[in-house]
Structures are given as C-alpha cells and as structure tokens.
Student: 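This is the structure I want to talk about, given as structure tokens.
The analysis underlying the following values was restricted to heavy atoms, covering all of them including side chains, and did not include hydrogens, waters or symmetry mates.
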Amino acid sequence: LQKWLEVRPGGLPRAREGEVVNSSLSCEVCNSPYTIKIVQKTEWKAERLLSYRSCESYFECFSLIITLGMLLVMPIFIWASSNASEKRVLRENWPLVICSALSMLLMATLALRKVFLRWRRAQLAPTISPLSVV
C-alpha cells in the first residue's frame, strides 16, 4: 500500500503525525475506501544524515554551543580582570547580572531546541499504516 500510494500522481495524503485520514483512495478490487494513519519514522540513512539541511543544523548547533560556552566563561574573565571599584559595581547590581545570564541561557536553550527539532524533521519520512479496509 505504501509503494502504491507513493507512485500515484497525488502521492501520499497530507496529514499530521498520527492523524487518521479518510482518503479518497479505494481498493481496486471491492472499491471500498481506505482508512489510513500517517506515521513519521526516523530514517538513519547517510543521505538524510549528511544532507544539506542536516549539515546546516550541525553547524548551527556547534555555533550555538561554542557561543553559549563563551557566554558562560566570559563573566569569570571579566571578574578576574576587574579592579576593586568595578567589582563593587558588579556586586551592587548582582540581580541584573544574574537576570541577564539566565536570559542568555534560556535563549540559547530555546535556540538549540529549535535547531534540534528542525534537524529531526529533516530525518523523518512519512509512512502510512492502513487501519482498515471497509
């Protein structure tokens, strides 16, 4: 059924993950309609893992991790190179420093999540499973 639907002019019906589709497709023998379920499966094939979109996601992820590491190490270097008056200003404004550090961490985490979801979407292939032939 999967191969037959892929070679048809309309291709696979458009649906979200796990959605049951009452398609306009019907059995060629008894003419009853197919009820199918679209399932996204991860394909661990080299052409998907090394595709342009996947490599783009790898580079973005690597860049974000390096940037996040630099953002986490930078306050230590700033503190070590500060004189007494600058350290006093930093101590007085500690809520602002903590809030900015947490917001940077949150933004980096959300960006990494978005990159991961985009990469995962590039690895998925739609497959169908027939629920019934009525």
Side-chain angles (χ1 to χ4, degrees):
L1 182 61
Q2 173 83 27
K3 297 286 184 195
W4 180 70
L5 286 173
E6 287 175 353
V7 297
R8 288 183 51 101
L12 287 173
R14 301 257 183 235
R16 293 193 175 122
E17 170 71 24
E19 183 178 344
V20 175
V21 178
N22 291 318
S23 66
S24 60
L25 307 170
S26 59
C27 176
E28 294 175 352
V29 176
C30 64
N31 291 326
S32 58
Y34 285 115
T35 303
I36 58 176
K37 181 179 180 181
I38 304 293
V39 179
Q40 299 287 344
K41 292 189 178 182
T42 303
E43 286 189 349
W44 298 101
K45 294 182 179 178
E47 57 265 9
R48 284 201 183 263
L49 293 172
L50 299 175
S51 69
Y52 177 78
R53 291 185 69 188
S54 293
C55 290
E56 184 179 66
S57 296
Y58 302 145
F59 178 74
E60 284 182 56
C61 184
F62 177 73
S63 300
L64 282 169
I65 289 172
I66 293 295
T67 304
L68 181 60
M70 290 170 45
L71 286 173
L72 294 175
V73 173
M74 193 62 63
I76 297 169
F77 291 143
I78 291 173
W79 184 264
S81 65
S82 300
N83 59 29
S85 64
E86 291 169 337
K87 287 182 181 180
R88 183 173 30 83
V89 170
L90 288 173
R91 268 190 238 115
E92 290 171 358
N93 296 316
W94 68 269
L96 180 63
V97 173
I98 297 295
C99 183
S100 64
L102 289 177
S103 65
M104 285 188 288
L105 185 63
L106 177 67
M107 286 190 302
T109 304
L110 292 175
L112 281 171
R113 180 182 178 275
K114 190 172 186 176
V115 169
F116 171 74
L117 291 176
R118 190 179 325 139
W119 171 82
R120 193 172 131 228
R121 201 174 323 128
Q123 307 311 312
L124 294 176
T127 58
I128 61 160
S129 58
L131 291 179
S132 65
V133 178
V134 182

Student: Could you tell me the separation between the CG atom of Leu71 and the CE atom of Met107, rounded to the nearest 0.5 Å?
Tutor: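 Going from CG on Leu71 over to CE on Met107, the span is 8.5 Å.
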
Student: Only pairs at least two apart or in different chains count here, so list each side-chain hydrogen bond (donor to acceptor under 3.5 Å, both in side chains) that has a residue in residues 106-115.
Tutor: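 Non-adjacent pairs meeting side-chain hydrogen bond (donor to acceptor under 3.5 Å, both in side chains): zero.
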
Student: With a cutoff of under 4.5 Å between side-chain heavy atoms, which Ile, Leu, Val, Met, Phe, Trp and Tyr residues group with Leu72?
Tutor: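 ILVMFWY cluster around Leu72 also holds Leu68, Leu105.
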
Student: Going only through I, L, V, M, F, W and Y residues with side-chain contacts under 4.5 Å, is there a path from Val97 to Trp79?
Tutor: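 Yes, Val97 connects to Trp79 through the hydrophobic network.
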
Student: May I ask you to list the residues sharing a hydrophobic cluster with Leu96, side-chain cutoff 4.5 Å, ordered by chain and number?
Tutor: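 None; Leu96 is a cluster of one.
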
Student: Sort and list the pairs that fulfil side-chain hydrogen bond (donor to acceptor under 3.5 Å, both in side chains) and have at least one residue in residues 84-102, not counting sequence neighbours.
Tutor: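 Residue pairs with at least one partner in residues 84-102: Asn83-Ser85.
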
Student: In the hydrophobic clustering that connects Ile, Leu, Val, Met, Phe, Trp and Tyr at side-chain heavy-atom distances below 4.5 Å, which members other than Val73 occupy its cluster, ordered by chain and number?
Tutor: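 ILVMFWY cluster around Val73 also holds Phe77.
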
Student: Measure the OG-CD1 distance between Ser103 and Ile98 for me, rounded to the nearest 0.5 Å.
Tutor: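 That separation rounds to 11.0 Å.
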
Student: Would you please name every residue forming a side chain to side chain contact (heavy atoms under 4.5 Å, CB included) with Leu106, sequence neighbours left out?
Tutor: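 Leu106: side chain to side chain contact (heavy atoms under 4.5 Å, CB included) contacts with Leu110.
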
Student: Which Ile, Leu, Val, Met, Phe, Trp or Tyr residues join Phe59 in one cluster when any pair of side-chain heavy atoms under 4.5 Å counts as a link?
Tutor: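 ILVMFWY cluster around Phe59 holds nothing else.
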
Student: Name every donor-acceptor pair, under 3.5 Å, that has one atom in a side chain of residues 45-54 and the other anywhere in the protein, sequence neighbours excluded.
Tutor:
| from | atom 1 | to | atom 2 | distance (Å) |
| --- | --- | --- | --- | --- |
| Arg48 | NE | Glu43 | OE1 | 2.8 |
| Arg48 | NH1 | Ala122 | O | 3.0 |
| Arg48 | NH1 | Leu124 | O | 3.3 |
| Ser51 | OG | Arg48 | O | 3.1 |
| Ser51 | OG | Ser54 | N | 3.3 |
| Ser51 | OG | Ser54 | OG | 3.2 |
| Ser54 | OG | Arg48 | O | 2.7 |
| Ser54 | OG | Gln123 | NE2 | 2.5 |

Student: Could you tell me which residues satisfy side chain to side chain contact (heavy atoms under 4.5 Å, CB included) with Cys61, sequence neighbours excluded, listed by chain and number?
Tutor: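 Side chain to side chain contact (heavy atoms under 4.5 Å, CB included) list for Cys61, sorted by chain: Ile65, Leu112, Val115.
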
Student: With sequence neighbours left out, which residue pairs that include part of residues 55-66 fulfil the side-chain hydrogen bond (donor to acceptor under 3.5 Å, both in side chains) condition?
Tutor: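 Pairs touching residues 55-66 that pass the test: Tyr58-Trp119, Glu60-Arg118.
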
